Every structure is written in C-alpha cells, then in structure tokens.
Amino acid sequence: MKKQFEIWLVNLNPSRGVEPGKIRPAVVVQTNLLNQVNHPSTLICPITSQLSKEDNILRIRLGVFDTGLDKSSEILIDQIRALDNRRFLEKLGELPKDKAFELREKLTSILDL
C-alpha cells in the first residue's frame, strides 16, 4: 500500500507534449484515506534530476539523504497527475517532514485552495 509523501519509481510512458515521461521517481500526494481503500489510481507529482537555476513556486529541491534518490532532484509541482496503480514499480523512500510540509503548502498555493 502506498502512503502520502512516499517516493516511488513510476512508469510515465507514453508522455504527451510537456508531460514528463520515462521511468522516474514521483512523490505520492494523494490522501491516505484513498490509499487505504485500494483506489485504482493515485495522485502523484513527478520528480526530475534536471535542476532549476533558482527557487521556484513550482519546484521543491530534494537531496539524496533520506529520500531514496540517487542524485539531487526536484519535485515538479505543476505536473500533478493521477496514475493507474499498475504504473508503480517500487518504493524508493519518503519525503523528510520539512519537504512534505513545503509540498503541501505549494500545492495549496498553486491550486488556490
């Protein structure tokens, strides 16, 4: 069972337009209420290792410590999407508490909630 703020390796192929593709890490943003009832899809934000040059409301920088990632990366907040659960390949790790809090705040801002 997946949990909110865990980092998973997912298969995003095929992609369209500006959507990130490939097999890549992603962070689960869906509430654990849905995660516990075997909902057929899961909301995620993809993660990229192509780092932006400056701080950005649409990205969160992650290090390798405690995340399960093998290089510094960024969460792509503006690429939130639902994935069929069959696209999840393996759990890599989870977000540190401070990064989970930052992700929650930035999602709230960009979705105007």
Side-chain angles (χ1 to χ4, degrees):
M1 175 179 71
K2 293 171 287 310
K3 293 182 181 172
Q4 190 177 46
F5 303 125
E6 287 182 342
I7 298 171
W8 282 74
L9 194 62
V10 298
N11 184 350
L12 297 180
N13 289 321
S15 64
R16 299 286 183 263
V18 298
E19 295 173 351
K22 304 190 289 186
I23 293 176
R24 68 172 62 239
V27 60
V28 174
V29 295
Q30 179 169 282
T31 176
N32 284 331
L33 291 173
L34 285 178
N35 294 335
Q36 293 170 354
V37 296
N38 291 326
H39 189 69
S41 63
T42 302
L43 288 170
I44 59 99
C45 285
I47 296 174
T48 184
S49 59
Q50 294 183 354
L51 304 178
S52 57
K53 295 185 192 295
E54 54 194 49
D55 283 346
N56 183 325
I57 193 171
L58 300 177
R59 293 190 174 210
I60 295 174
R61 182 75 50 98
L62 300 174
V64 295
F65 182 72
D66 285 341
T67 61
L69 300 170
D70 59 4
K71 58 177 95 171
S72 293
S73 301
E74 290 179 334
I75 301 170
L76 302 172
I77 298 169
D78 62 326
Q79 294 292 326
I80 187 172
R81 65 190 271 196
L83 288 185
D84 185 286
N85 288 333
R86 292 173 290 189
R87 290 183 176 266
F88 286 78
L89 304 175
E90 69 177 291
K91 180 183 170 185
L92 299 176
E94 59 186 80
L95 290 183
K97 298 265 187 250
D98 62 325
K99 297 298 181 177
F101 181 79
E102 184 179 355
L103 177 55
R104 188 184 307 266
E105 285 200 326
K106 287 188 175 186
L107 282 171
T108 299
S109 293
I110 69 159
L111 295 172
D112 196 24
L113 298 174

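Nothing here was measured: the structure is a model prediction, and the numbers come from that model.
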Is [X] reaching over with its side chain to a backbone N or O of [Y], donor-acceptor style, under 3.5 angstrom?
{"X": "Arg104", "Y": "Val29", "answer": "no"}
{"X": "Asn35", "Y": "Met1", "answer": "no"}
{"X": "Asp84", "Y": "Ser41", "answer": "no"}
{"X": "Arg87", "Y": "Val10", "answer": "no"}

Atom pair [atom1]/[atom2] of [X] and [Y] - distance to nearest 0.5 Å:
{"X": "Leu107", "Y": "Asp112", "atom1": "CG", "atom2": "CG", "value": "13.0 Å"}
{"X": "Ile23", "Y": "Leu89", "atom1": "CD1", "atom2": "CG", "value": "5.5 Å"}
{"X": "Glu105", "Y": "Ile60", "atom1": "CD", "atom2": "CD1", "value": "9.5 Å"}
{"X": "Thr42", "Y": "Trp8", "atom1": "OG1", "atom2": "CH2", "value": "9.0 Å"}
{"X": "Leu62", "Y": "Thr67", "atom1": "CG", "atom2": "OG1", "value": "6.0 Å"}

Using atom types as modelled, flag every donor-acceptor pair under 3.5 Å from a side chain in residues 95-103 to any protein atom, sequence neighbours excluded.
unit_1: Lys99; atom_1: NZ; unit_2: Arg61; atom_2: O; d: 2.9
unit_1: Glu102; atom_1: OE2; unit_2: Lys106; atom_2: NZ; d: 3.3

Is there a path of hydrophobic side-chain contacts, each under 4.5 Å between heavy atoms of I/L/V/M/F/W/Y residues, joining [Y] to [X]?
{"X": "Leu83", "Y": "Val37", "answer": "no"}
{"X": "Leu58", "Y": "Leu51", "answer": "no"}
{"X": "Ile110", "Y": "Leu43", "answer": "yes"}
{"X": "Phe5", "Y": "Leu69", "answer": "yes"}

How close do [X] and [Y] get, counting heavy atoms only, and between which atoms?
{"X": "Pro25", "Y": "Ile7", "result": "CB-CG2, 4.0 Å"}
{"X": "Cys45", "Y": "Ile75", "result": "CB-CG2, 3.6 Å"}
{"X": "Ile77", "Y": "Arg59", "result": "CD1-N, 4.0 Å"}

Item checked: Side chain proximity check, Ile47 to Arg24, heavy atoms < 4.5 angstrom -> no
Check: Testing Asn38, Asn32, Leu34 for side-chain contact (heavy atoms from CB on, under 4.5 Å) with Gln36, which one passes?
Finding: Asn32
Next item on the list: Check each of Val28, Asn11, Leu9 against Phe88 using the side-chain contact (heavy atoms from CB on, under 4.5 Å) test, and report the only one that passes.
Entry: Val28
Check: Got a sec, which pairs hit ring pair (Phe, Tyr, Trp, His ring centres under 6.0 Å) with one end in residues 23-49, sequence neighbours left out?
Finding: none
Item checked: Stepwise side-chain contact (heavy atoms from CB on, under 4.5 Å) test for Leu12 and Lys22 -> CA-CA 5 Å; Leu12 297 180; Lys22 304 190 289 186; over 6 Å; no
